[in-house]
Protein chains: 2
Amino acid sequence: MASIGIKEIASRAKVSPATVSRVLSNPELVSQKTRNKVKKIIDETGYRPNRLGASLRTRKTGNIFAIIPDISKPVNAGIVRAIENRAHSFGYSVLLGDTQGMNERGLQYAELVKMGQADGILLFSGDLPFDVNNDKPLYEQIPPLVNANERVDTDGLVQIAVDNVAAAKDAMQHLLELGHSRIAAVTGPMNVPSSCERFNGYKLALENAGLTYDPKLVVNGDYSVNSGEDAVDQLMLLRLRPTAVFCFNDDMAIGLMKKLQTHGYDIPADISVIGFDDIRYAKYTTPALTTVYQPMEEIGLACIDALLDQLKGNPPQPRCDFLPHSLEIRESTGPVSK
Amino acid sequence: MASIGIKEIASRAKVSPATVSRVLSNPELVSQKTRNKVKKIIDETGYRPNRLGASLRTRKTGNIFAIIPDISKPVNAGIVRAIENRAHSFGYSVLLGDTQGMNERGLQYAELVKMGQADGILLFSGDLPFDVNNDKPLYEQIPPLVNANERVDTDGLVQIAVDNVAAAKDAMQHLLELGHSRIAAVTGPMNVPSSCERFNGYKLALENAGLTYDPKLVVNGDYSVNSGEDAVDQLMLLRLRPTAVFCFNDDMAIGLMKKLQTHGYDIPADISVIGFDDIRYAKYTTPALTTVYQPMEEIGLACIDALLDQLKGNPPQPRCDFLPHSLEIRESTGPVSK
DNA sequence: CATAACATGTAAATCGTTTACATCCACTGA
DNA sequence: TCAGTGGATGTAAACGATTTACATGTTATG
């Protein structure tokens, strides 16, 4: 594994290091003849330019840091996969930072990019891991960054996500059209933006339908399957039970459905359940889960493209791009039982 | 985001760059007084040493490259999460390389570590992305590497995995004890080691039970949910249908169960189904999936520990550590119907 | 034939650290 | 008093590439 350097190549090819470098990065600047000579040596020796050396000089690492709340969630894994794929196709590598929901972990990761480990950040968590003030434009205070999915509540960022409010309203609309009026919600952690947004959508839909919001019908989950199961206890003990439940992600919906069924409830005859995300397993539950599809692939691609644009030196265009979601109506929702 | 360097700190503190460096990495070498002086400047300026510079000099990047077949698979995501977590706790970052099943992608990633992007490799794919010969011991030809889950068929590697053969036999044993004798198998891609190993376990178990192996009962899947569904067509068209199916991963089991149910089969009354992996969703299917648990967390930790040991300079101890699996008996398997 | 213009190659500076070695200084013990 | 010791700091050379300014060689042109 001992590797040789550009100087060695240069001396073997009887040219200068500069020429070797040019052969590699600006071949058109060197004559056909020397180019071949150098290329031959490179092939023979299996020489690979050391990226650290190059990075140090060019001040570009070719790395992108992805800060993710929890890679073990299928939505995130799906997005990361798309990201990784596209990043590599542009010659970038992706460094993974899973915060496991801990804010401080995000700060540690940000530290790494301050230390020059990466050129830019893909932020999938809702906390901006930088101290910023209002004296200067935001993008002068942070490295190139695009914020996706969990939208940080700050102006001046490039953001990419689905419109959680609208999506939640769509989900609710579907239930309302089925005649439901006692619709429960199982939220995610209320300190994460996506959950708040979906909650807003939930309340808005209720309001638009002329229904009154009943706090007893909302239980705070944490996006885990378990919390979906736990929600059942709270909800089904109510004197007036909900006829439908809107779970803010599929994991909770899956847990909730299972628990409901073990208690003898029939879905959707007794109670309708709707999820959010459309993870791979959503259509394989029994009954198949009605849910809101998030375009993981598209989100991943859009993120990379937006970040790469900044890395090319273009000033960031603060904005929020909403990518289209869609309601996948399957078997877990049905008309309210009389 | 313009950052300053060690020289700037040095001059502001009126000391030499070397002293600043020492304050940061070997504080005991510098007097209390100058130490404080330098620390003060560092705090004031928010200086962070550039990792590239340091890496270049020390020839250590603090990066680990994880080569994964498919991060969107929950097992892999779970392992990666554990890895990332522990790696960071030791000051290492993890670079992600998803091969999406493509061998060549693995080669590209290996290229990156040859270029000095990472200090070591965690290889979760079954292809060793290096040309090796037998003239020299393997570990002199490749960077520090530990191979997990999909075991490369080469001597001299440090490997960590569950014992797929034994695990498959355990799964089969369970079905055999329930009285099944026509047991089908839905394999993974037969060019990946885990699938071959499980297949061997399948055949061995049959053999031990005195049953004859029937090729018509094995269908080649690809570890995807879809291929599990497709297997149904092939299996249930047989004149003599299987009474149980061993799916080589949970995704396929989930697809297969669903399809079976839509065709009116009752699981496990008509047919038993067993999976492999014990992904988070396995216990939430209907019926809950009997499956083989893989200790994702432990695998991740063991990988990092083994790699870090090598990175400390200890020569690798070629071996294969089997981590304990366990059979999770749930509702998808039952006694054979008479 | 002198000179401009262009193609090609070279030498040296640079990026931000670390580290082997040199230096300085104060203190100890004979 | 002075050699010796040892601790604190400074100096300068790496590390491995890229890039700039400059030098050389070659060809074309008037």
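Bear in mind the structure is a predicted one, so any value in this text is a computation, not a measurement. Below, all heavy atoms of this structure are taken into account, side chains as well, without hydrogens, waters or symmetry copies. Reminder, nothing fancy here: chain letters follow the sequence lines and each chain counts from 1.
Evaluated for a side chain to side chain contact (heavy atoms under 4.5 Å, CB included) with A/Ile64, the options A/Ile304, A/Asp119, A/Ile121 yield exactly one hit, A/Ile304.
OP1 or OP2 of C/dT18 lies within a sub-4.0 Å distance of a side-chain N or O belonging to B/Ser21. Distances shorter than 4.0 Å separate none of the side-chain N or O atoms of B/Arg35 from OP1 or OP2 on D/dA8.
Applying the side chain to side chain donor-acceptor pair (under 3.5 Å) criterion to A/Lys40, with sequence neighbours excluded, gives A/Glu44.
Across all strands shown, B/Ile6 has heavy atoms under 4.0 Å from base atoms, whether or not it also approaches the sugar-phosphate. Using a 4.0 Å heavy-atom cutoff across all strands shown, A/Ser16 reaches at least one base atom of the nucleic acid. Across all strands shown, A/Thr58 has heavy atoms under 4.0 Å from sugar-phosphate atoms exclusively, and none from any base. Looking at heavy-atom distances under 4.0 Å, A/Thr34 makes contact with sugar-phosphate atoms alone, never a base. Among the atoms of the strands shown, only primed sugar atoms or phosphate atoms (P, OP1, OP2) are found under 4.0 Å from some heavy atom of A/Ser31. Nucleic acid contact for B/Ala54: sugar-phosphate only, since backbone atoms but no base atoms lie under 4.0 Å from a heavy atom of the residue. At a threshold of 4.0 angstrom between heavy atoms, the contacts of B/Lys14 are confined to the sugar-phosphate backbone, with no base atom among them.
Judged by atom type and distance alone, A/Arg57 reaches the base of D/dT18 through a side-chain donor-acceptor pair under 3.5 Å.
No side-chain donor from either of B/Glu150 and B/Ser125 sits under 3.5 Å from a side-chain acceptor of the other. When only modelled atom types and interatomic distance are considered, A/Arg105 and B/Asn85 share a side-chain donor-acceptor pair under 3.5 Å. Under the 3.5 Å distance criterion, with hydrogens and angles disregarded, a donor-acceptor pair is assigned to the side chains of B/Tyr223 and B/Ser194.
When each of B/Lys33 and A/Ala18 is assigned the nucleotide of DNA chain D with its nearest heavy atom, B/Lys33 is the one assigned upstream, toward the 5' end.
Using a 4.0 Å cut-off between charged nitrogen and carboxylate oxygen, B/Asp153 and B/Arg151 do not count as a salt-bridge pair.
Counting to the nearest Å, the P atom of D/dT11 and the NZ atom of B/Lys7 are 14 Å from each other. Rounded to an integer number of Å, the gap from CD of A/Gln32 to P of C/dG9 is 12 Å. As rounded to whole Å, 13 Å separates atom C1' of C/dT18 from atom CG of A/Leu56. Computed from coordinates, the A/Asn50 CG to D/dA14 C1' distance equals 14 Å when rounded to whole Å. A/Arg51 places its CZ atom 17 Å from the C1' atom of C/dC15, with the value rounded to the nearest Å. A/Leu52 has its CG atom 16 Å from the C1' atom of C/dT14, to the nearest Å. Atom CD1 of B/Ile9 is separated from atom P of C/dT17 by 9 Å (rounded to the nearest Å). Separating the CE atom of B/Met115 from the C1' atom of D/dA17 is a distance of 12 Å, rounded to the nearest angstrom.
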Exercise. Does the side-chain contact (heavy atoms from CB on, under 4.5 Å) test come out yes or no for A/Leu128 and A/Leu145, once each step is laid out?
Worked result: CA-CA 10 Å; A/Leu128 189 68; A/Leu145 179 150; 4.1 Å; yes
Problem set entry | Stepwise salt bridge (charged side-chain N to carboxylate O under 4.0 Å, His left out) check, B/Glu111 with B/Lys114 | CA-CA 5 Å; B/Glu111 202 75 337; B/Lys114 283 187 199 153; 3.5 Å; yes
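Nearest to the side-chain atoms of A/Arg59 among the listed nucleotides C/dC15, C/dT10, D/dA17 stands C/dC15.
You'll find the side chain of A/Cys303 reaches within 4.5 Å of the side chain of A/Phe124, heavy atoms only.
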With 3.5 Å as the limit, what N/O pairs link the protein to nucleotides 21-26 of chain D?
none

Exercise. For DNA chain D, what dot-bracket results from Watson-Crick or G-U pairs at under 3.5 Å, with [ ] for crossers and | for inter-strand partners?
Worked result: ||||||||||||||||||||||||||||||
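Note: A/His88 and B/Phe65 have tilted aromatic rings, judged against thresholds of 30 and 60 degrees for the angle between ring planes.
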